[in-house]
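Sequential numbering from 1 along the given sequence is applied to the chain's residues. Each ligand, and each atom within it, is numbered from 1 in the order the structure gives.
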Amino acid sequence: MNEDIKEILITKDQLHMRIKELAHQITTDYKNKNPLIICILKGAVVFMTDLIRMLEFPLEIDFMSVSSYGAGTESSGIVRIIKDLDTTIKDRDMLIVEDILDTGLTLDYLIRTFEERMPKSIKICSLLIKEKNDPRKQTRLNVDYVGFRIKDEFVVGYGLDYNEKYRNLPYVGILKESVYSN
Ligand code: IMP
Ligand code: MG
């Protein structure tokens with residue numbers, strides 16, 4: 001285990017098993033639709049590439065890169081598009097693949113942006129959803145495919161970063177407090 005990790009929350013095997021189940025559901029829903037699968041960079045890249053290799057039907061992929069201003073562990077709510085889609089989404093069935101929903105502000109902004117371009121449908125697949133301690137802070141967004149619901153803690157690994165580090169860990173884990181204070 002990485003020396004900065006306090007606890008493994010979701011193991012490599014648990015990730016694999018759950019993603020297989022999600023892939024099964026997504027196959028039932030999309031196998032004749034040639035969907036456009038959108039990866040939200042950078043966090044969702046590990047999840048998305050594992051997921052699409054379990055989908056044995058025609059699909060296309062594209063990437064969108066957004067950033068909430070600033071580094072650190074709190075979402076700012078101000079979203080900036082760094083890289084837009086290359087694909088025209090009008091009349092397409094879209095599946096947005098995200099790593100984690102925290103406040104939901106990032107995805108909320110993205111969905112409003114995509115809706116203006118008139119796709120046929122938009123659904124969301126998020127590997128993780130954070131259950132907020134304060135119910136008023138819980139996101140109102142309807143997520144169609146959810147990997148795991150986790151408690152309100154900052155996690156890294158399997159694509160998720162802290163200051164751009166730890167994305168390559170094969171599991172989802174919690175950092176030691178000493179890492180933040182450095
Ligand atoms: P939201 O806008 O608050 O839902 O936050 C969305 C983005 O913040 C995610 O796509 C992640 O990139 C990042 N984020 C939120 N929580 C975490 C976390 O626990 N670890 C790493 N990144 C996170
Ligand atoms: Mg992200």
Side-chain angles (χ1 to χ4, degrees), residues 1-2 4-12 14-15 18-19 22 37-52 61-85 94-115 122-182:
M1 184 161 92
N2 183 292
D4 292 346
I5 297 294
K6 180 170 76 177
E7 182 194 334
I8 295 181
L9 210 58
I10 310 170
T11 66
K12 188 177 169 176
Q14 287 171 323
L15 286 164
R18 183 67 188 125
I19 294 167
L22 291 175
I37 308 220
I38 312 283
C39 172
I40 309 301
L41 295 172
K42 304 172 191 167
V45 75
V46 178
F47 172 40
M48 191 259 210
T49 50
D50 275 353
L51 177 69
I52 59 170
I61 62 171
D62 203 346
F63 299 87
M64 180 102 173
S65 181
V66 293
S67 134
S68 298
Y69 277 107
T73 62
E74 287 291 327
S75 195
S76 70
I78 304 163
V79 180
R80 184 166 50 117
I81 295 180
I82 311 235
K83 183 221 166 283
D84 205 337
L85 301 176
M94 297 173 74
L95 180 63
I96 303 176
V97 177
E98 179 56 305
D99 51 358
I100 186 164
L101 234 85
D102 184 4
T103 62
L105 290 168
T106 307
L107 261 189
D108 191 65
Y109 171 86
L110 275 176
I111 287 177
R112 279 186 281 121
T113 306
F114 291 150
E115 273 172 349
I122 306 180
K123 282 191 183 185
I124 305 172
C125 174
S126 186
L127 179 68
L128 306 173
I129 291 190
K130 266 193 212 181
E131 301 283 2
K132 294 304 211 181
N133 299 323
D134 180 350
R136 287 169 303 180
K137 290 192 180 152
Q138 193 64 50
T139 173
R140 302 164 290 102
L141 272 179
N142 177 39
V143 181
D144 304 277
Y145 309 94
V146 181
F148 300 87
R149 293 181 186 275
I150 61 168
K151 53 186 184 235
D152 196 0
E153 268 185 298
F154 195 80
V155 292
V156 296
Y158 201 70
L160 292 140
D161 73 306
Y162 173 64
N163 288 346
E164 295 300 326
K165 283 171 75 184
Y166 311 106
R167 294 192 195 274
N168 55 323
L169 301 180
Y171 48 80
V172 174
I174 299 171
L175 284 176
K176 290 177 183 163
E177 281 82 12
S178 56
V179 178
Y180 300 113
S181 45
N182 284 340

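- Residue Gly104 places a heavy atom less than 4.0 Å from ligand 1.
- Within 6.0 Å of the NZ atom in Lys83, the count of heavy atoms belonging to other residues, nucleotides or ligands exceeds 12.
- Of all atoms in ligand 1, numbered sequentially from 1 with element shown, those under 4.0 Å from a heavy atom of Thr106 are 1 (P), 2 (O), 5 (O), 6 (C).
- Ligand 1 places these atoms under 4.0 Å from at least one heavy atom of Glu153: 19 (O).
- Looking only at distances, a side-chain donor or acceptor of Asp144 sits under 3.5 Å from a matching main-chain atom of Ile124.
- The line from CD of Gln14 to CZ of Phe148 is 6.0 Å long, rounded to the nearest 0.5 Å.
- Asp102 CG to Ile129 CD1: the interatomic distance, rounded to the nearest 0.5 Å, is 11.0 Å.
- Shown in contact with Asp161 at under 4.0 Å from a heavy atom are these atoms of ligand 1, numbered in order with element: 21 (C).
- Of all atoms in ligand 1, listed by their number and element, those nearer than 4.0 Å to a heavy atom of Asp99 are 9 (C), 10 (O), 11 (C), 12 (O).
- Nearest-residue assignment for atom 20 (N) of ligand 1 (options Thr103, Leu175, Val155; heavy-atom criterion): Val155.
- Atoms OH and CG, on Tyr158 and Asp99 in that order, are 11.5 Å from each other to the nearest 0.5 Å.
- For the 3.5 Å distance criterion, the side chains of Asp4 and Tyr166 qualify, holding a donor opposite an acceptor.
- In summary, the atoms of ligand 1 found under 4.0 Å from a heavy atom of Glu98, numbered by their order in the structure, are 10 (O).
- Contacts of Asp102 with ligand 1, taken as heavy-atom pairs under 4.0 Å, involve both backbone and side chain.
- Among the candidates Val146, Val172, Leu9, the single residue satisfying the side chain to side chain contact (heavy atoms under 4.5 Å, CB included) test with Leu128 is Val172.
- Heavy-atom contacts of Lys130 reach the following atoms of ligand 1: 16 (N), 17 (C), 18 (C), 19 (O) (cutoff under 4.0 Å).
- Between Val156 and ligand 1, a contact under 3.5 Å exists for no N or O pair.
- For the atom pair Phe63 CZ and Leu41 CG, the distance stands at 6.0 Å (nearest 0.5 Å).
- Of all atoms in ligand 1, listed by their number and element, those nearer than 4.0 Å to a heavy atom of Leu105 are 2 (O), 4 (O).
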